[in-house]
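What follows is one structure encoded as structure tokens, with my remarks underneath.
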Amino acid sequence: MGQTATDISGKYRSLIRRVVWGILLTGIAASLATLLPLSFYISQSQERTGLAYASAQAMSVQKQLQHYQSIAKQFASRTQIRKALIAYSAGELDIAQLVQVTRDRITDAAAFIPNLVAGVRVTNSGEIVAQYDGPASSLLDAKLNLDWQQLRPYGMHYVTVDDDLFISAAAPIVDEDKRTIGIDILLFGPTEILDILRELNTFGQSTNFRLVNSRERLYIEFDQVSNQLKQREFGSNESFYIAAYGNVPFVYRDTSKEAPRLHYFIPFSDSAWGLVVIHAETSVFGALVTEFASVALVILIAVTIGAWWLHKYSQPIIRAQLAQHRQLRESNRKLKLANTVFEKAQEAIVITDNSLIILRANKAFVQLFNIEVDKIKNTCLLAFIDDGRMTNEIQRQVRRHIQKNDSWQGEVWYKKPGGQSFPALQTITPVRNNDGRALQLIHIFNDISAEKHAQERLQQLALTDTLTHLPNRFAVLQHLDDAIKRTNLSKQSCALLFFDLDFFKPVNDTHGHDVGDALLQAIGPRVRECLRSSDIVGRLGGDEFVILIENIQQRSDIEKIAGEVIVALQKPFRIGTLTLQIGASMGVALYPDHADTPKQLLKIADAAMYKAKEGGRNQFCFAE
């Protein structure tokens, strides 16, 4: 009897211990199972959002730097000045004549660049041909006295004058044999770069912005207090950053200091430079740990009291039933918590079977598609997808990727019941059984239309001339490259009409640049009246414009259009109370008759335009 009681007591105590440990381990496991995925997902979401904003900022900064480099290349490509340098290299002009030929032309061109501080043109042997101030020369606190030969001969760099940092852009001037005969170096103020960093800053005043050059172990830092760009060098304890920065965008978490910081690095294409956005990391994990620690403490106290009560007053079976009841109640609470997370999530969450039949969807999904809950269950998820963009082959690729990598993330286009399509960033994760077979799929996605529209807007601004709102030089080259590809497929030809305005300089000199700008803005609408809707009019810079015409049937068609444009530009322009009359000289180059690349077509059409000027102006001339 005593032995039996001892056995029962021992089994009872063993049962109590198992119940206590089982509940404790279940609570800890359930807490960790909820804490870790949730903290990981929030952290990943924070990093993806930050990287997207940093990418938009980096793209804007790089576009502005490329714009400066493009201006330098346009200076270096002006035909008349290049011819003068060639003549000087051949001994046909002395340095005084070369300076006289180039000084006025380069100074007049510089006046149209708002953020230009200063510039210089030197020969290949280092002799200064023209040194000039730009419209933004007032940014200099002291007289500019630079050793221009110490600046980087080509490409983008920077220079510090009286503790103020300026952007430099240099471009070679080459002759017909691609030999360098001179260099143009332009110096730009930091205003536009500062405006981009300040206006696109979504991280707050504590954020640190750096333009990093990993090759030279230095960076340019945006000081939000003084609103200036300052040159810095990596300290000895920061050398490891250089190894961390590669050539692809990524997020780097620096835990070497008391407050961890996130580094969002976006490299610039074809450059040693990149943008680094640094800000303090929000401690999501710590807050979640504190919350779950409180719950774990409550569970521990409840289990301790319950175990003592069961041990004192209840029989083993009753105690086991009570323990089971508490376990079920705790599990139910966790299920409710998981259901709350599912329903309250801002992202649309859909659970489907392996055939994409919807088993359950959260409230965010219902609101996104504005559809009743009853109409969702047992519906195929493909019914909500834009089938014009999601082909069977793409679906097979997604399934293969999930099978290989156990998840997939990418862009998917959905269609709302009203027919409106929108892009979504989607993650698909399979739920597998013990045999590894996918029984269900969890789809998490959100509408990224606003982000894509913002990106497209930035791209549009980068390809549009700010004065005339016509395609700029970058856009013209892109359109010309696309036209050449289409022409190769259609076996037809296309034409590039390059023209600049005759007697435009006297208009600026007599009536001022405001009138000159208004006249340039009127050129595009006047020329479009002579063209088809599919033809493109663009501005290369200054008073130089181009027209791109595709699907040419015969040469006489181009002659007719060129003649009509020449006549149209000779008609008077009404600018305010003024009536102005100018003209145009035009050069015409055909693809594939005269050249087979966009830059060659521009060059040949430019040469034909100068031939038209030499022949008496107000006429067009075909390239030879």
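Since the structure is predicted, the reported quantities are computational estimates derived from the model, not experimental observations.
Side chains of Y88 and V129 form no contact here, defined as non-hydrogen atoms less than 4.5 Å apart. Side chains of H479 and L463 form no contact here, defined as non-hydrogen atoms less than 4.5 Å apart. Residues L497 and I558 form a side-chain contact, since some pair of their non-hydrogen atoms from C-beta on lies under 4.5 Å apart. Here the side chains of I582 and L569 are not in contact, with every heavy-atom distance at 4.5 Å or above. Residues L65 and I167 form a side-chain contact, since some pair of their non-hydrogen atoms from C-beta on lies under 4.5 Å apart. With a 4.5 Å cut-off on side-chain heavy atoms, S585 and F499 do not count as touching. Looking at heavy atoms from C-beta onward, L519 lies out of side-chain contact with V515 at the 4.5 angstrom threshold. Taking the side chain as every heavy atom from C-beta outward, F545 and L520 approach each other to under 4.5 Å.
Using a 4.0 Å cut-off between charged side-chain N and carboxylate O, D543 and K505 make no salt bridge. Taking a cutoff of 4.0 Å between a charged side-chain nitrogen and a carboxylate oxygen, E544 and R473 do not qualify as a salt bridge. Ion pairing between a basic and an acidic side chain is recognised when a charged N comes within 4.0 Å of a carboxylate O; E564 and R532 show no such pairing. Comment: E393 engages R396 in a salt bridge, judged by a side-chain N to carboxylate O separation of less than 4.0 angstrom.
We find the CZ-CG distance between R539 and L467 to be 5.0 Å, quoted to the nearest 0.5 Å. Between atom CG of residue L501 and atom CZ of residue F573 there is a gap of 7.5 Å, rounded to the nearest 0.5 Å. Note that CD of E550 and CG of L480 are 9.0 Å apart. Values are rounded to the nearest 0.5 Å. Distance check, rounded to the nearest 0.5 Å: CG of N472 to OG1 of T464 gives 6.5 Å. To the nearest 0.5 Å, atom CZ of residue R617 and atom CE of residue M609 are 10.0 Å apart. The CG atom of N551 lies 7.0 Å from the OG1 atom of T487; values are rounded to the nearest 0.5 Å.
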Chi angles and distances behind the side-chain contact (heavy atoms from CB on, under 4.5 Å) call for I484, L601: CA-CA 11 Å; I484 288 176; L601 277 175; 4.3 Å; yes
E559 vs V588, test: side-chain contact (heavy atoms from CB on, under 4.5 Å). Steps then yes/no. CA-CA 9 Å; E559 294 174 349; V588 182; over 6 Å; no
Determine whether L540 and V546 satisfy the following criterion, side-chain contact (heavy atoms from CB on, under 4.5 Å), listing intermediate values before the conclusion. CA-CA 7 Å; L540 299 180; V546 294; 3.6 Å; yes
Is there a side-chain contact (heavy atoms from CB on, under 4.5 Å) between T597 and K603 once you walk through the steps? CA-CA 10 Å; T597 67; K603 180 179 179 181; over 6 Å; no
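If you run side chain to side chain contact (heavy atoms under 4.5 Å, CB included) between I575 and each of L580, D517, V507, only L580 comes through. Partner Y591 forms a side chain to side chain contact (heavy atoms under 4.5 Å, CB included) with one of S493, C494, P598 and no other, that one being C494.
Counting only distance, with no hydrogens or angles, the side chain of D606 and the backbone of L602 share no donor-acceptor pair below 3.5 Å. When atom types are taken as modelled, the side chain of D386 and the backbone of Y414 share no donor-acceptor pair closer than 3.5 angstrom. Between the side chain of H594 and the main chain of L590, a donor-acceptor pair closer than 3.5 Å is present. Without hydrogens or angle criteria, R526 side chain to A568 main chain gives a donor-acceptor distance under 3.5 Å. A donor-acceptor pair is defined here as one N or O able to donate and one able to accept, closer than 3.5 Å; no such pair exists between the side chain of N115 and the backbone of F188. The backbone N or O of N618 sits less than 3.5 Å from a side-chain atom of D502, completing a donor-acceptor pair. A donor-acceptor pair is defined here as one N or O able to donate and one able to accept, closer than 3.5 Å; such a pair exists between the side chain of Q97 and the backbone of D94. Panel note: side chain Q492, backbone Q553; no donor-acceptor pair is recorded below 3.5 Å. Judged purely by atom type and a 3.5 angstrom limit, Q570 has no side-chain atom pairing as donor or acceptor with the backbone of Q581.
The shortest non-hydrogen separation linking A169 to Y68 is CB-O, 3.8 Å. Closest approach of L186 and L116 over heavy atoms only: CB-CD1, 3.9 Å. Nearest heavy-atom pair across R179 and D175 is N-OD1, 2.8 Å. Heavy-atom minimum distance, G538 versus L470: CA-CB, 4.2 Å. Looking at every heavy atom in both residues, V565 comes nearest to C530 through CG2-CB, 4.0 Å. The nearest pair of heavy atoms linking F622 to A608 is C-CB, 4.2 Å.
Annotation: cation-pi pair K83/Y610 present, NZ/CZ under 6.0 Å from the ring centroid and within 45° of its normal.
For K611, the NZ atom is loosely surrounded, since the number of other residues' heavy atoms within 6.0 Å does not exceed 12.
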